[in-house]
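Remember, it's 1-based here, ligands and their atoms both numbered in the order they're listed.
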Amino acid sequence: MSSITAYKGHIVSPISTSGSGDYSFIDYPRGLMVVTDGKLTALGDFDQLSERSDLGTILSQVKIEDFGKRLIMPGLIDMHLHLPQVTQTAKSGQHLLAWLNRYIFPAESKFSDIDYARRIARWFFAELAANGTTLSVVFTTIHKEACNVAFEEAARTHSRVIMGKVMMDLNAPAALCEVTQESLTGSMEMARKWHGAHDGLLQYAFTPRFGVTSTPELLSGTGELWKRFPGTYMHTHLAEAREEIQTVAGLFPEARSYMDMYDRFGLAGERSVFAHAIHLDDGDLDCIKQRGAALAHCPSSNFFLKSGVFAYNRVRQCGCLFGLGSDVAAGPHMSLFEVMKDANFIQPDDWIEPRELIYRSTLGGARALYMDGVVGSLEVGKEADFVVLDPSAKTGVVDDILDQPTDEILSCLVFLGDDRIVERTYVRGRLIFSKALQETGNLASVNLAG
Ligand code: GUN
Ligand code: ZN
C-alpha cells in the first residue's frame, strides 16, 4: 500500500527551466505538497489543488501536516565537506598546508579507532540534518573501517550522501600515508560495497585528497577505477592555495597546470567534483566546461584560510557547473545559509543575488552532481527532500517577512539565515531532523530511526 502525506505551508522553490541562468522560482504562500512513497506527486496552491477531483478525495483521507506560515523549501546541497574535521572547526591562523599539518592530519589519524570514528560520524550526520542539508559530498579519512562506519551511520540516519575513503600515498604523515596499491584496492572494495546502497541514497566517490599527497600511479589508477564503476563520483581539491599549486607544479612538471594534471589522469568528467578551484586560467575553465566536471565553491573556507577569491562571474560566464560547499572544518560553519552569505561577501566588487545563491545550494548543486532529475527542487516527480524553515527564530527578522515578495524572502534567508531557522529536515519523505523533538530530548527517536 502506498504511503501518502500532504504538507501545507508557504512553498518556495527554484524550478527547472529549459534555458539556463534565469533562476526561476515558484512561490505559493498557501501551498500544498503531496508526497507519495517519498516522491512529490502534487504541488501548488492549496485552494486550487483541493478543487482537483482526483486530489479532493485523497486529501480527505490522508494525514495533512500543517506548517502554517512556515517556509517549505528544497533541502540544501553541500558539495564539499570533511566528516573527520568536525572536531577542528574554528582553528584559525594559518594557510592551508600549515593548517593541515597542525590540526587536520592529527585529527584524521584518530580515525584508526573505530569507536571514535563511529561517535564522530554520528555527530556529523546529526549536524548535517540539523542544518537542513539533505545531500552532501563528503571526505572521510584514509581508514577503510572508519569509512565503512560512516556509510553505516549515513544509512541508519537516512542521510543522502556521496562519500568516499580518502586516498593519500605521498607527503602525508606516516599514520596517513598508504601503499598505492592498497589505497586503490581498498577504494575499489568500498565502491563495490556502498555505491547505490540504502536504496540509492548512498553513492561512492573516489577521493584522492589533492595533487600534493598523490603519486602519478595513485592518480592514474584512480582514473582507471573511476571508469570501471559507472555512476560513481570523483572528488578532490583543486588550486586552493598558492603554496599547494607550486608544490603540484614541481611534482607534475609535464602538466600545463594543476587542472591539466588531473585531466591527463582521466579525472575530469561528468560526476567529478573539484573543491575550491580558485586560481584557474581560461584554459582550465574551458577544460572543466568541456568535460562536464563540477566545481564546489567554498567561500567561508576561502575567507578562513585566506586562500583567495573564487572567480565567480568568470566561472558562471564560462558555463561551468558549480555549487556551494561548506568545507567544514576550513569552513567554520555547516550552515549553507552562512556559506551563501559569504559567497556574496567575499566578492570585492560584485553582488551575487540571493536568488542565484539559493539556486546554487539547491537545484544548481543538484545539476552539478547530475542529480537534478531526482532532487534539488520541489517539483512533481522528484524525491521529497525538503526543509521546514521558521525565519522568525532568528533575531533581526521582521515578523511579516513571509508576506513579502519572493526576492525579499530569499534575501532574508541568505543574509540572516543559519541553523536556528531550520525546524525540520526530510529526506525522501522521511523526517530526519525535528527541532521540537530535539528540544524535548526525543531527537534520537527521529534522527537515528531506521
Ligand atoms: N586540501 C587538501 N586537503 C584539504 C582539506 O582537508 N581542507 C581544505 N580546505 N583543503 C584541502
Ligand atoms: Zn576540503
Side-chain angles (χ1 to χ4, degrees), residues 78-111 120 124 136-143 146-147 161-173 176-178 183 205-214 218-219 222 233-248 251 258-259 261-262 267 272-279 294-310 322-334 336 339 342 346:
D78 190 334
M79 282 187 60
H80 176 71
L81 81 169
H82 299 253
L83 180 153
Q85 297 182 15
V86 276
T87 59
Q88 301 301 307
T89 49
K91 303 275 177 85
S92 164
Q94 270 154 330
H95 285 119
L96 174 66
L97 298 184
W99 175 82
L100 286 174
N101 281 313
R102 173 150 179 209
Y103 300 115
I104 298 307
F105 290 154
E108 293 193 6
S109 300
K110 289 187 180 178
F111 280 69
I120 302 302
F124 176 81
S136 50
V137 190
V138 178
F139 262 62
T140 58
T141 63
I142 61 150
H143 309 93
C147 186
V161 289
I162 297 167
M163 187 158 67
K165 187 196 98 55
V166 171
M167 310 166 84
M168 285 200 270
D169 70 342
L170 184 73
N171 290 330
L176 293 178
C177 201
E178 302 173 282
S183 182
F206 291 97
T207 312
R209 183 171 211 122
F210 63 159
V212 176
T213 50
S214 307
L218 186 77
L219 295 177
T222 304
Y233 289 78
M234 197 294 302
H235 182 198
T236 190
H237 296 91
L238 166 68
E240 175 180 5
R242 302 259 180 221
E243 209 187 340
E244 168 206 6
I245 295 165
Q246 276 164 14
T247 309
V248 170
L251 288 170
Y258 200 158
M259 184 61 217
M261 178 278 282
Y262 282 138
L267 296 175
S272 56
V273 178
F274 295 99
H276 301 285
I278 299 173
H279 308 283
L295 304 182
H297 171 33
C298 307
S300 311
S301 162
N302 301 343
F303 258 143
F304 189 78
L305 295 180
K306 302 198 185 296
S307 304
V309 178
F310 181 77
F322 71 107
L324 299 178
S326 67
D327 193 27
V328 161
H333 29 243
M334 213 184 261
L336 277 156
V339 174
D342 285 343
I346 202 168

N/O donor-acceptor pair under 3.5 Å between Thr140 side chain and Gly164 backbone: yes
Logged contact type for Val212 with ligand 1, heavy-atom cut-off 4.0 Å, is neither
Check your understanding: For ligand 1, is His276 a contact, meaning one of its heavy atoms is under 4.0 Å away?
Key -> yes
Taken to the nearest 0.5 Å, the spacing of Ile278 CD1 from Leu295 CG works out to 11.0 Å
N, O or S of His237 under 2.8 Å from the Zn ion (ligand 2): yes
Between Leu267 and the options Met234, His235, Met259, Met261, the side chain to side chain contact (heavy atoms under 4.5 Å, CB included) test singles out Met234
Taking only non-hydrogen atoms of Ala330 and a 4.0 Å limit, the atoms of ligand 1 in range are 9 (N)
The residue among Arg209, Glu244, Glu108 that forms side chain to side chain contact (heavy atoms under 4.5 Å, CB included) with Leu100 is Arg209
With a 6.0 Å cut-off on the ring centroids, do His297 and His80 count as close? no
of all protein heavy atoms, closest to atom 9 (N) of ligand 1 is Asp327 OD2, 2.8 Å
>> Under 2.8 Å from the Zn ion (ligand 2), can any N, O or S atom of His82 be found?
In response: yes
So for Trp99 against ligand 1, with non-hydrogen atoms under 4.0 Å, the contacting part is side chain
Asp327 OD1 to His80 NE2 via the Zn ion (ligand 2), rounded to 10°, gives 90°
Atom 3 (N) of ligand 1: closest protein heavy atom, distance to 0.1 Å, is Arg209 NE, 2.8 Å
The closest protein heavy-atom partner of atom 10 (N) of ligand 1 is Glu240 OE1, 2.6 Å
Check for a donor-acceptor pair, side chain of Gln85 on one end and backbone N or O of Ala329 on the other, with a separation under 3.5 Å. yes
Thr213 versus Asn171, side-chain donor and acceptor atoms under 3.5 Å = no
Notebook entry, point to check: Looking at Phe206 versus Tyr233, is the centre-to-centre ring distance below 6.0 Å?
Noted result: no
If we number the atoms of ligand 1 from 1 as shown, the ones under 4.0 Å from a heavy atom of Phe210 are 1 (N), 2 (C)
